[in-house]
Structure formats: structure tokens, C-alpha cells
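Notes follow once the structure below has been shown.
Position 1 is the first residue of the sequence; numbering continues from there.
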Amino acid sequence: MSLKGPSENICPVIYLKDYYALYQEGMSIEDTLRLIGKSYLSAQNSIRFQQDIDLSFDHMKDNLFLCVVNAEKNQEMLDSIPSEDRGFSSNILKYGL
């Protein structure tokens, strides 16, 4: 899951597998969501924005990954970025460390 506020340029990715396992082991949904929220805030506080990022393909290529998004729900974003239309979904490239 990735969460991005309207005024933010970057957002952390939170992997839910471990949280789901805690929920399955008996943690309440409220406590599970609180833990996810704490992880989000921790990630937000640790993000370091670099002004001089090398955006060349050669520098970024090893950290690119394909992301499939719902085309209808993400149409506004898809209008402003390169994407591959697959009908109900679209493929986009994302960069991650």
C-alpha cells in the first residue's frame, strides 16, 4: 500500500503481509490499523529528499519496477505520465530503492 497526501511529492510503501498475519493471529483490526499508521508516520519522518538526484535512465534502471493500476480510478494521473493502456488497467513504471 502506498499513501500520498495531496501536497506530497513522495510517499512510502507499506507492505501489508506482516500486518495481515498479526490480524489473523488475533490482533484487533483497530490495533492493526494503528500499527500501520505508526509505520506510515515513521516512514514519513525518515524520508530524506535529495535536491541533486540523477534522473538519467542509466542511474535509475536497476530500481525501476512495473506497477499495474486501475485505469478508471487513476485516469487523472495517467493523463500526465507515460503509461501502457491495457483496457481496465494500465502499466506504469515506478522507481524504488
Side-chain angles (χ1 to χ4, degrees):
M1 171 175 69
S2 60
L3 303 169
K4 183 174 99 46
S7 63
E8 296 170 343
N9 294 327
I10 53 178
C11 63
V13 175
I14 299 171
Y15 296 93
L16 299 176
K17 182 179 178 182
D18 292 338
Y19 299 106
Y20 184 64
L22 291 171
Y23 172 73
Q24 285 184 314
E25 292 170 5
M27 182 180 277
S28 72
I29 189 69
E30 292 85 4
D31 288 341
T32 305
L33 292 172
R34 278 190 199 93
L35 194 56
I36 292 170
K38 285 180 183 180
S39 295
Y40 170 76
L41 292 175
S42 175
Q44 281 292 91
N45 291 332
S46 67
I47 291 174
R48 307 265 189 265
F49 184 77
Q50 295 178 330
Q51 297 271 341
D52 300 323
I53 298 174
D54 181 357
L55 297 177
S56 69
F57 178 74
D58 285 337
H59 177 75
M60 297 180 68
K61 66 183 177 188
D62 292 334
N63 292 313
L64 291 175
F65 62 94
L66 185 67
C67 184
V68 178
V69 296
N70 180 302
E72 183 178 322
K73 291 182 179 181
N74 293 285
Q75 191 58 54
E76 186 176 327
M77 174 189 66
L78 294 170
D79 288 342
S80 64
I81 63 170
S83 62
E84 179 182 30
D85 184 11
R86 302 299 232 163
F88 69 91
S89 67
S90 287
N91 296 336
I92 62 173
L93 284 177
K94 289 196 168 190
Y95 179 81
L97 298 175

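Here the straight-line distance linking atom OG of S89 with atom CD of E72 works out to 12.5 Å at 0.5 Å rounding. Atoms CD1 and NZ, from I14 and K38 in turn, are 13.5 Å apart once rounded to the nearest 0.5 Å.
In the hydrophobic clustering of ILVMFWY residues, with side-chain heavy atoms under 4.5 Å counting as a link, L93 and L78 come out apart. Hydrophobic clustering places L16 together with M27 (ILVMFWY residues linked when any side-chain heavy atoms are closer than 4.5 Å, directly or through intermediates). Linking ILVMFWY side-chain heavy atoms closer than 4.5 Å, directly or via other members, places Y19 and M1 in a single hydrophobic cluster. Hydrophobic cluster membership is shared by L41 and I36, with clusters built from Ile, Leu, Val, Met, Phe, Trp and Tyr side chains linked at under 4.5 angstrom.
Partners of K61 under the salt bridge (charged side-chain N to carboxylate O under 4.0 Å, His left out) rule, at least two apart in sequence or in another chain, are D58. With sequence neighbours left out, the salt bridge (charged side-chain N to carboxylate O under 4.0 Å, His left out) criterion links D18 to no other residue.
Between V69 and M77, the closest side-chain pair of non-hydrogen atoms falls below 4.5 Å. Counting only heavy atoms from C-beta outward, the side chains of F57 and L64 approach each other to under 4.5 Å.
A donor-acceptor contact shorter than 3.5 Å links the side chain of N74 to the backbone of N70. When atom types are taken as modelled, the side chain of S39 and the backbone of L35 share a donor-acceptor pair closer than 3.5 angstrom.
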*Give the intermediate values and the outcome of side-chain contact (heavy atoms from CB on, under 4.5 Å) for residues E25 and L22.*
CA-CA 5 Å; E25 292 170 5; L22 291 171; 4.1 Å; yes

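Q24 CD: more than 12 foreign heavy atoms inside a 6.0 Å radius.
D85 approaches G87 most closely through the heavy-atom pair OD1-N, 2.9 Å. Between V13 and S2 the shortest heavy-atom distance is CG2-CB, 4.2 Å. For the pair F65 and Y95, the tightest heavy-atom approach, listed with the atom from each and the gap, is CE2-C, 3.9 Å. S90 approaches S83 most closely through the heavy-atom pair CB-CB, 4.5 Å.
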